[in-house]
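Throughout, a chain's letter reflects where its sequence line sits, starting with A, and its residues are numbered from 1.
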There are 2 protein chains.
Amino acid sequence: MSEVFKALSDPTRRRVLELLRSTPMSAGEIGDHFSFSQPTMSAHLSVLKQAGLIEGEKVGKQIIYCLKMSVLEDALMGFAKTFGLGRDEDARAGAPSSAAKEIKP
Amino acid sequence: MSEVFKALSDPTRRRVLELLRSTPMSAGEIGDHFSFSQPTMSAHLSVLKQAGLIEGEKVGKQIIYCLKMSVLEDALMGFAKTFGLGRDEDARAGAPSSAAKEIKP
DNA sequence: TAGTTAAATAGCTATATGTCTATTTATGAG
DNA sequence: CTCATAAATAGACATATAGCTATTTAACTA
């Protein structure tokens with residue numbers, strides 16, 4: 001959980017995830033979208049992989065990374081649900097706080 | 001955006017947010033739930049405030065902090081929507097990827 | 001005016017992070 | 001086997017983070 005949010009706290013890594021949203025991509029292809037050095041990008045990919053947000057598969061001499069959407073979803077939505085966010089689902093305990101939902105007078 | 005995720009990447013700060021979910025609370029009351037020093041807690045609150053996730057109002061010699069649910073919601077859900085998460089709303093561009101949604105053959 | 005209390009700030013330390021260059025490892029091509 | 005290429009690892013450095021103790025600031029109380 002902490003590792004996911006930590007991974008998401010860097011704009012470069014968020015952009016990597018967005019890239020991978022459209023299609024899996026090799027480390028090199030990902031790197032082409034940025035101006036950092038190859039090892040720097042490798043480190044960013046490592047953080048994302050450590051958080052479980054991406055997965056790499058070796059194909060020839062490249063490593064193809066793909067987004068693990070389910071992990072992103074579980075972390076983000078799971079946390080959101082704790083706060084009663086994410087859908088029309090009321091959080092079962094605690095406070096309704098901000099947005100009004102007084103539909104049952 | 002980065003600041004929000006960075007703030008969320010620490011478990012202590014996530015617990016603070018959960019505490020404030022039920023009711024606003026003074027810095028001291030918040031600190032009572034943890035075993036860190038007063039200045040350490042003050043620093044955590046400062047990070048959360050910087051990210052816009054909480055707001056403090058001085059009342060007497062205390063500062064009452066409250067959760068800014070809308071900021072949390074905007075950051076979390078806004079980012080989620082980028083990935084087509086968060087509701088039955090299709091992300092308009094990119095990949096459907098993980099969970100199937102092939103309702104229109 | 002002192003004294004007490006709540007919280008922030010200052011200053012310190014150890015560890016983590018983001019970046020780089022240089023090197024290593026692994027794979028494919030000749 | 002040698003060379004070229006893709007990516008990871010090693011090592012260095014500057015900055016950021018999380019924690020602490022000690023101090024300061026702000027506000028109430030006697």
(request) Measure the distance from CD on Q38(A) to P on dT21(C) and round it to the nearest whole Å. (result) 11 Å
Between N or O atoms, less than 3.5 Å apart, protein on one side and nucleotides 24-30 of chain D on the other: list the pairs.
none

Please report, to 0.1 Å, the donor-acceptor pairs under 3.5 Å made by any side chain of residues 34-49 of chain B, with sequence neighbours excluded.
unit_1 : atom_1 : unit_2 : atom_2 : d
S37(B) : OG     : T40(B) : N      : 3.3
S37(B) : OG     : T40(B) : OG1    : 3.0
H44(B) : ND1    : R13(B) : NH1    : 3.2

(request) Name all residues meeting the side chain to side chain contact (heavy atoms under 4.5 Å, CB included) criterion together with Q50(B); count only those two or more places apart in sequence or in a different chain, and write none if there are none. (result) E3(B)
(request) For S22(B) and E18(B), indicate whether the former's side chain and the latter's backbone hold a donor-acceptor pair under 3.5 Å. (result) no
(message) Please classify the nucleic acid contact of S26(B) as base, sugar-phosphate, or nothing, using heavy-atom distances under 4.0 Å.
(response) sugar-phosphate
(message) When you measure from the side chain of R21(B) to the backbone of T82(A), do you find a donor-acceptor pair of N or O atoms at a distance under 3.5 Å?
(response) yes
(request) Rounded to the nearest angstrom, tell me the gap between atom CD1 in I64(A) and atom P in dA6(D). (result) 12 Å
(request) Report yes if the side chains of L76(A) and F5(A) come closer than 4.5 Å at any heavy-atom pair, otherwise no. (result) yes
(request) Starting at OG1 of T12(B), measure out to CD1 of I30(B) and round the result to the nearest 0.5 Å. (result) 12.5 Å
(request) Answer whether the closest heavy-atom distance between the side chains of V16(A) and Y65(A) falls below 4.5 Å. (result) no
(message) Applying side-chain hydrogen bond (donor to acceptor under 3.5 Å, both in side chains), can you list everything that pairs with S9(A), at least two apart in sequence or on another chain?
(response) none
(request) Residues of residues 27-35 of chain A with any non-hydrogen atom less than 4.0 angstrom from an atom of DNA chain C: list those, numerically ordered, please. (result) none
(request) Not counting sequence neighbours, which residues clear side-chain hydrogen bond (donor to acceptor under 3.5 Å, both in side chains) with E55(B)? List them please. (result) K68(B)
Contact list (N/O, under 3.5 angstrom) for nucleotides 10-14 of chain C vs protein:
none

(request) Quick one: name the residues clustered hydrophobically with I64(A), using the 4.5 Å side-chain heavy-atom rule over I, L, V, M, F, W, Y, and just say none if it's on its own. (result) V59(A)
(message) Applying side-chain hydrogen bond (donor to acceptor under 3.5 Å, both in side chains), can you list everything that pairs with K6(B), at least two apart in sequence or on another chain?
(response) none
(message) Side chains of V4(B) and D74(B), heavy atoms from C-beta outward: is any pair under 4.5 Å?
(response) no
(request) Tell me, please, which residues at least two apart from E29(A) pass side-chain hydrogen bond (donor to acceptor under 3.5 Å, both in side chains). (result) S26(A)
Report, one pair per line, the protein and nucleotides 15-18 of chain D atoms (nitrogen or oxygen only) whose separation is under 3.5 Å.
unit_1  : atom_1 : unit_2 : atom_2 : d
dT17(D) : OP1    : K6(B)  : NZ     : 3.2
dA18(D) : OP1    : R13(B) : NH1    : 3.4
dA18(D) : OP1    : R13(B) : NH2    : 2.9
dA18(D) : OP2    : R13(B) : NH1    : 3.2

(request) Give a yes/no answer on whether the side chain of S42(A) brings an N or O atom under 4.0 Å of OP1 or OP2 in dA7(D). (result) no
(message) Quick check on dA8(C): is either OP1 or OP2 less than 4.0 Å from any side-chain nitrogen or oxygen of Y65(B)?
(response) yes
(request) Take the protein atom CD of Q62(A) and the nucleotide atom P of dA4(D), then report the distance between them rounded to whole Å. (result) 19 Å
